[in-house]
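Throughout, numbering of the chain's residues begins at 1 and tracks the sequence. On a predicted model such as this, the values are computed, not experimentally measured, just so you know.
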Amino acid sequence: MHEMGITESILSVVLEESAKRGGKKVSRVVLEIGELTNIVADSIEFYFELMAKGTAAEGARLEPRLIPLEAECEICKKRRKIENLDFVCVCGGHMKTTQGKELAIVSIEIEGASE
């Protein structure tokens, strides 16, 4: 359910950037969503479509890119994808997260923007 608030924040940033650049319409928004965030991309897309109605982002294509959870061992420095939240390396070391916590707007395509 936290996706609603997150989507509201994303839309706010998107509309603010569009207005700053004098854009008439937002056509595409690309997001990176890390696996560890527990954010459901389908929910973000659903709320975005609802919340964007009547704004410059209405009809914009939202493209979430899911970033897998990966970590590096603090002892042997081996990197691997983390499954089932198993943060113990085969050498016995603790795995430190290197990716998968992201939540970012990567790009916004704005029609009629000055830049």
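Ala57 approaches Leu11 most closely through the heavy-atom pair CB-CD1, 3.8 Å. The minimum heavy-atom distance linking Met95 with Cys89 is given by the pair SD-CB, 3.4 Å. The shortest non-hydrogen separation linking Pro64 to Ile33 is CB-CD1, 3.9 Å. Shortest non-hydrogen contact noted between Ile75 and Cys91 is CB-SG, 4.1 Å. Nearest heavy-atom pair across Ala56 and Leu15 is N-CD2, 4.0 Å.
Checked by atom type and distance alone, the side chain of Lys96 never pairs as donor or acceptor with a backbone atom of Phe87 at under 3.5 Å. With hydrogens and angles ignored, the 3.5 Å screen pairs no side-chain donor or acceptor of Glu8 with any backbone N or O of Met4. Using modelled atom types, no side-chain atom of Thr7 and backbone atom of Phe48 make a donor-acceptor pair closer than 3.5 Å. A distance-only check finds a donor-acceptor pair linking the side chain of Glu35 to the backbone of Leu69 [under 3.5 Å]. Remark: the backbone N or O of Val40 is paired with a side-chain donor or acceptor of Glu3 at under 3.5 angstrom.
In this structure, the separation between CG on Leu66 and CD on Glu102 is 11.0 Å, given to the nearest 0.5 Å. Within the model, atoms CD1 of Ile67 and CD of Glu32 stand 4.0 Å from one another, a figure rounded to the nearest 0.5 Å. Rounding to the nearest 0.5 angstrom, the gap separating the NE2 atom in His2 from the OG1 atom in Thr37 is 6.5 Å. The line from CD1 of Ile105 to CD of Glu17 is 8.0 Å long, rounded to the nearest 0.5 Å. Remark: Arg79 CZ to Cys73 SG distance equals 12.5 Å, nearest 0.5 Å. Here the straight-line distance linking atom CD of Glu58 with atom NZ of Lys25 works out to 6.5 Å at 0.5 Å rounding.
Met51 and Val30 fall into different hydrophobic clusters, where Ile, Leu, Val, Met, Phe, Trp and Tyr are joined by side-chain heavy atoms under 4.5 Å apart, directly or via other members.
Enclosure of atom CD in Glu49 is not indicated, since only 12 or fewer non-hydrogen atoms of other residues, nucleotides or ligands lie within 6.0 angstrom.
Side-chain contact between Gln99 and Pro68 is present, with heavy atoms from C-beta onward closer than 4.5 Å. In this structure the side chain of Leu36 reaches within 4.5 angstrom of the side chain of Leu85, judged on heavy atoms. By the 4.5 Å heavy-atom criterion applied to side chains, Arg80 and Asp86 are counted as neighbours.
One finds a salt bridge joining Arg28 and Glu109 here, because a Lys/Arg side-chain nitrogen approaches an Asp/Glu carboxylate oxygen to under 4.0 Å.
Just one residue in the list Ile39, Leu62, Val106, Leu103 forms a side-chain contact (heavy atoms from CB on, under 4.5 Å) with Leu31, and that residue is Leu62.
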